[in-house]
Number of protein chains: 2
Amino acid sequence: MDKFFEVVVQFTRLSPVGQGALAAVLKRLELPKGHVLIKQNTICNHLYFVEQGLTRTYYIKNGKDVTDWISAENTFACSILSFITRQPDRRTIELLEPSVLWSVHYDDLEKLYVDYHDIERLGRLLVASGLVQLQQRFDDLHFSTALNRYKALLKSKPDYIRRVPLGILASYLGMTQETLSRMRSQI
Amino acid sequence: MDKFFEVVVQFTRLSPVGQGALAAVLKRLELPKGHVLIKQNTICNHLYFVEQGLTRTYYIKNGKDVTDWISAENTFACSILSFITRQPDRRTIELLEPSVLWSVHYDDLEKLYVDYHDIERLGRLLVASGLVQLQQRFDDLHFSTALNRYKALLKSKPDYIRRVPLGILASYLGMTQETLSRMRSQI
DNA sequence: CTGACTTTTTGACATTTATCAAAGGAGATT
DNA sequence: AATCTCCTTTGATAAATGTCAAAAAGTCAG
């Protein structure tokens with residue numbers, strides 16, 4: 001749990017009572033590679049913090065597997081659309097490696113938001129951080145060639161290139177695995 | 001200002017005192033078409049609410065004009081990256097139509113967050129809503145053909161097609177204006 | 001170590017979209 | 001009405017990327 005609060009404190013300092021309340025609803029999970037955290041077309045009720053391991057979020061679009069997001073150590077994973085809107089979403093989240101996670105239930109978080117101003121603030125800052133990351137990822141995709149998208153990833157997330165299978169990485173970058181394989185040999 | 005609070009109340013109900021404090025820092029702007037709200041490479045210190053009119057956010061990428069976002073009535077406009085991170089950003093925001101806007105200064109908002117739990121909550125919900133919208137826009141871009149991106153826009157934002165010049169719309173959709181012109185005639 | 005399986009690379013070809021160039025409209029101004 | 005400017009369409013061609021097929025390389029259980 002220490003890792004979780006190390007990350008949290010970078011967003012905002014919690015009061016001891018707020019931190020205690022948050023710690024009380026955290027659940028530790030130790031799960032094998034391939035385990036499915038969220039199934040497609042269900043409501044995402046948990047926010048996951050990755051202490052160790054790697055997750056990928058994907059869905060099927062026109063019959064093809066599209067990887068939407070990858071979460072590594074010290075970042076969060078959930079279906080953003082479903083967690084916020086409370087509607088089912090097509091996304092599935094699975095583990096690419098055996099992982100250690102901490103989960104918070106949506107309802108618990110909502111209660112904490114009401115009771116603790118500082119946790120509401122933490123929530124705001126976490127969402128804002130997610131927005132910044134998604135905006136950067138969006139920018140990488142918008143009007144970039146396949147080669148530049150790969151280069152951008154090489155710069156921003158070099159560890160993904162070692163840890164994530166090529167086909168999944170290609171899909172994350174919005175290209176086929178053949179194209180990624182060729183881009184890679186071009187550098 | 002009524003329009004602004006009509007939108008706000010859809011996110012959360014504010015206490016009278018919170019609402020009053022927020023109203024006190026809102027500034028009304030009436031500006032002509034072409035007016036620049038935020039210049040590239042500056043820090044975005046204001047969040048704008050569009051009561052009437054239309055804005056576009058764009059930047060230059062490899063010498064080309066890339067439209068990143070469009071805000072119409074009852075939505076917000078700012079450089080997300082800059083407003084949140086407090087760093088300069090390449091984005092410029094300009095008015096595509098003569099507009100009526102309400103602006104809030106970053107510093108005022110931060111003070112309100114500290115003083116009023118309900119405004120911190122509003123902030124969280126606004127950012128969350130922004131995240132949902134960006135995620136949807138990202139999904140439209142990820143592994144979609146030009147034609148499908150155009151169709152998705154036709155469904156989600158039909159008014160943009162009437163109000164936004166074709167070249168800007170094309171760039172928003174990540175294609176050239178020639179391609180958009182052809183997609184359009186295909187439907 | 002070997003066979004079965006999965007992942008990655010390579011090649012030939014097809015499709016999509018961009019680029020460049022030019023021609024049409026539409027609205028504003030004289 | 002003629003001119004100007006801006007916006008949109010159309011056509012020819014080029015470049016980027018996808019698709020399909022097969023070979024090569026890596027992984028792992030037995």
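In what follows, chains carry the letters A, B, and so on, assigned in the order in which the sequence lines appear, proteins first and then strands, with residues in each chain numbered from 1.
- Put simply, CZ on R162(B) is 14 Å from P on dT8(D), counting in whole angstrom units.
- Side chain to side chain, D89(B) and S79(B) meet the donor-acceptor criterion of an N or O pair below 3.5 Å.
- With values rounded to the nearest 0.5 angstrom, T42(B) atom OG1 is found 14.0 Å from R90(B) atom CZ.
- Of the candidates dT19(D), dG18(D), dT17(C), dT19(D) carries the atom nearest the K64(A) side chain, counting heavy atoms from C-beta on.
- Summarising the geometry, the separation between NZ on K61(B) and P on dA18(C) is reported as 14 Å, rounded to the nearest angstrom.
- Following rounding to the nearest Å, D65(B) (CG) and dC6(D) (P) show an atom-to-atom distance of 15 Å.
- In this model, no side-chain donor or acceptor of R182(A) finds a partner on the base of dG18(D) within 3.5 Å.
- To the nearest angstrom, P of dT17(D) lies 13 Å from CZ of F143(A).
- We find that CE of M175(A) is positioned 14 Å from P of dT8(C), with the value rounded to whole Å.
- Listed nucleotides dT9(C), dT10(D), dT17(D) differ in distance to T179(A); the shortest reach to its side chain belongs to dT17(D).
- Nearest nucleotide to the side chain of T176(A), out of dG18(D), dT10(C), dT9(D): dG18(D).
- Atom pair L173(B):CG and dA18(C):P shows a separation of 11 Å (rounding to whole Å applied).
- When ring centroids are compared, F76(A) and Y48(A) stay outside the 6.0 Å threshold.
- Between H46(A) and H105(A), the ring-plane angle classifies as perpendicular under the 30° and 60° cut-offs.
- Nearest nucleotide to the L166(A) side chain, out of dT8(C), dT19(C), dT9(D): dT8(C).
- A salt bridge links E73(A) with R163(A): the distance from a Lys NZ or Arg NE/NH1/NH2 to an Asp or Glu carboxylate oxygen falls below 4.0 Å.
- To the nearest angstrom, P of dT16(C) lies 17 Å from CG of L180(B).
- When distances are taken from the side chain of Q177(B) to each of dT8(D), dT8(C), dT17(C), the shortest belongs to dT8(D).
- Remark: T145(A), A146(A) in residues 144-151 of chain A come within less than 4.0 Å of DNA chain D through at least one heavy atom.
- Applying the salt bridge (charged side-chain N to carboxylate O under 4.0 Å, His left out) test between D139(B) and each of R137(A), K61(A), R91(A) identifies R91(A) as the sole match.
- As a whole-Å value, the separation of E178(B) CD from dA12(D) P is 15 Å.
- S181(B) and Q177(B) form no side-chain donor-acceptor contact under 3.5 Å, judged by distance and modelled atom types alone.
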